[in-house]
Amino acid sequence: LAPPPSEMLVRSLESLYALGALGDDARLTDGVGRYMTEFVEIDPRLARCVLAAWNLNCVYEVVTIASMLHVRHVWSPGGKKSRDARSQFAVKEGDLVTYLNVWRGWEQNRRSPKWAYKNYIWHKSLCRAQEIRNEMLQTVARLKRQSPPDDPVFSGCSLDCLRDNVLLRKDLASAEVEERIANARRALAAGLFLNAAELETSRTTTQGQPIYRLLRERGGGTGSDGDITIHRDSVVFSDDADRPTAQQPATICFYDAQQTETGIETRLVHPVEASWLADSSYFHFGRRERF
């Protein structure tokens, strides 16, 4: 059952406070809060990710991922054939970074509907993501121009970083690519940390699948209602029951989840480093009883 509207409102306010959009007086904060409102119809979590990406010099990567998350349905159904197709794009960094491979493939194939159909990808979804992506990049550029010189959100890079689509550059050295991807992963964690979960090394499901627990509920018991498992559609999912627990990501964030009879099942999974969460100025374990 869905919580009552009053509780949902409280949760929303707590989430915005944790993201840095609201201050102690429940008013929009200067900078982060006011900037987030400029991303019209965009999930506040994704808007926060984009703002975090500026100083990490990975705006293109994060905006691309955010636009694809916004359209939700990127993969078309097809059972095993669909899963096999998406495995071509899969990377160990998780579902969100895998989207970058999808986007690169689509662009390199001149946004071909036939290519998308062949790879079980919704072409119309990517076209819509392209529109959202352009709007978000325009918003970022406008906010940068309007921001004061000493603004901490936009002080790291100049507008020059928006003049080159880095996703299609072929002259990036491997180390540079890895650095940009790592920075993008950190920026994504800055907006998704409320859905951070930790691997429970001592427990698995009856099928041998790993179990995670929300970090914001840590210390609140070990009942199965809060157990988090990974949906088989995620690139992080493993159907190998004999796979050592040590090979599973120790900490994850997730964008999408659904309640099941046994707990919570996640689809869009983003492995992260625990230190990225602890370093966030808006996330401190034990700071509040709940978010």
Side-chain angles (χ1 to χ4, degrees), residues 19-21 28 30-74 89 93 95-112 116 121-149 151-172 176-177 179-192 255 268 270:
L19 289 168
L28 283 174
D30 290 331
V32 171
R34 298 193 182 280
Y35 291 153
M36 285 174 62
T37 64
E38 297 294 325
F39 292 90
V40 182
E41 298 182 359
I42 297 296
D43 186 323
R45 296 174 297 171
L46 299 181
R48 186 66 187 91
C49 293
V50 173
L51 293 178
W54 184 269
N55 284 338
L56 291 171
N57 193 28
C58 54
V59 176
Y60 262 108
E61 290 86 343
V62 173
V63 166
T64 300
I65 292 171
S67 66
M68 296 178 75
L69 288 173
H70 187 73
V71 299
R72 308 282 289 191
H73 300 295
V74 172
F89 305 95
E93 289 83 2
D95 297 292
L96 308 195
V97 178
T98 292
Y99 277 167
L100 289 180
N101 276 346
V102 174
W103 187 272
R104 181 193 291 266
W106 188 58
E107 290 275 19
Q108 289 178 337
N109 286 274
R110 301 181 179 181
R111 305 176 190 173
S112 165
I121 294 167
W122 287 115
H123 175 70
K124 289 185 178 179
S125 290
L126 293 189
C127 289
R128 176 56 182 151
Q130 172 73 37
E131 296 173 0
I132 296 170
R133 183 175 182 268
N134 290 340
E135 292 171 2
M136 293 178 72
L137 288 172
Q138 291 172 7
T139 299
V140 171
R142 175 170 54 81
L143 293 177
K144 168 61 179 176
R145 294 190 189 98
Q146 296 174 352
S147 66
D151 189 307
V153 177
F154 288 105
S155 61
C157 305
S158 68
L159 278 171
D160 292 339
C161 71
L162 295 180
R163 295 175 182 171
D164 179 26
N165 189 337
V166 294
L167 291 176
L168 297 182
R169 283 176 55 186
K170 298 181 179 180
D171 59 337
L172 282 177
E176 293 179 90
V177 173
E179 181 181 5
R180 294 188 71 95
I181 295 301
N183 286 343
R185 293 175 63 202
R186 290 185 70 126
L188 291 165
L192 302 179
Y255 183 73
L268 297 170
H270 181 56

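Counting begins at 1 with the first residue of the sequence.
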Before giving the answer on side-chain contact (heavy atoms from CB on, under 4.5 Å), spell out for Y99 and V74 the whole-Å C-alpha distance, their side-chain angles and the decisive distance to 0.1 Å. CA-CA 9 Å; Y99 277 167; V74 172; 3.8 Å; yes
[atom1]-[atom2] distance between [X] and [Y], expressed to the nearest 0.5 angstrom:
X: N101; Y: F89; atom1: CG; atom2: CZ; value: 7.5 Å
X: L143; Y: Q138; atom1: CG; atom2: CD; value: 12.0 Å
X: D95; Y: H270; atom1: CG; atom2: NE2; value: 10.5 Å
X: H73; Y: I121; atom1: NE2; atom2: CD1; value: 15.5 Å
X: T98; Y: M68; atom1: OG1; atom2: CE; value: 10.0 Å

Residues forming a side-chain contact (heavy atoms from CB on, under 4.5 Å) with [X], sequence neighbours excluded:
X: A47; value: M36, F39
X: C58; value: A53, L56, E61, V62, N183, A184, A187
X: A141; value: R145, L159, L162

Please walk me through it: do W54 and V153 pass side-chain contact (heavy atoms from CB on, under 4.5 Å)? CA-CA 7 Å; W54 184 269; V153 177; 5.5 Å; no
Nearest heavy-atom pair of [X] and [Y]: which atoms, and what distance?
X: M136; Y: V63; answer: CB-CG1, 4.0 Å
X: P152; Y: S155; answer: O-OG, 3.5 Å
X: L51; Y: V32; answer: CD1-O, 3.9 Å

The criterion is side-chain hydrogen bond (donor to acceptor under 3.5 Å, both in side chains); which residues satisfy it with [X], sequence neighbours excluded?
X: D30; value: R34
X: W106; value: H123
X: E38; value: R142

Of all residues at least two apart in sequence or in a different chain, which pass the salt bridge (charged side-chain N to carboxylate O under 4.0 Å, His left out) check with [X]?
X: E135; value: none
X: E131; value: R128
X: D43; value: R45

Counting C-beta onward and ignoring hydrogens, is there a side-chain heavy-atom pair between L46 and L188 closer than 4.5 Å?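 No, side chains not in contact.
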Could you tell me whether the side chain of L137 reaches within less than 4.5 Å of the side chain of V59, counting heavy atoms only?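 Sidechains of L137 and V59: in contact.
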Run the side-chain contact (heavy atoms from CB on, under 4.5 Å) check on W103 and R133 step by step: do they pass? CA-CA 11 Å; W103 187 272; R133 183 175 182 268; 3.5 Å; yes
Judged by modelled atom types alone, do Q130 and N134 share a side-chain donor-acceptor pair under 3.5 Å?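 Short answer, yes.
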Check: C157 main-chain N/O paired with K144 side-chain donor or acceptor under 3.5 Å: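 Present.
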Whether the side chain of N109 engages the backbone of G105 through a donor-acceptor N/O pair (distance < 3.5 Å, no angle test) should be reported.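 Confirmed, N109 side chain pairs with G105 backbone.
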Should I42 and I132 be marked as a side-chain contact (heavy atoms from CB on, under 4.5 Å) after you check the CA-CA gap, both sets of side-chain angles, and the distance that decides it? CA-CA 9 Å; I42 297 296; I132 296 170; 3.8 Å; yes
Y35: partners by ring-ring contact (aromatic ring centres under 6.0 Å, His included), with sequence neighbours left out: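 Applying ring-ring contact (aromatic ring centres under 6.0 Å, His included) to Y35 gives F154.
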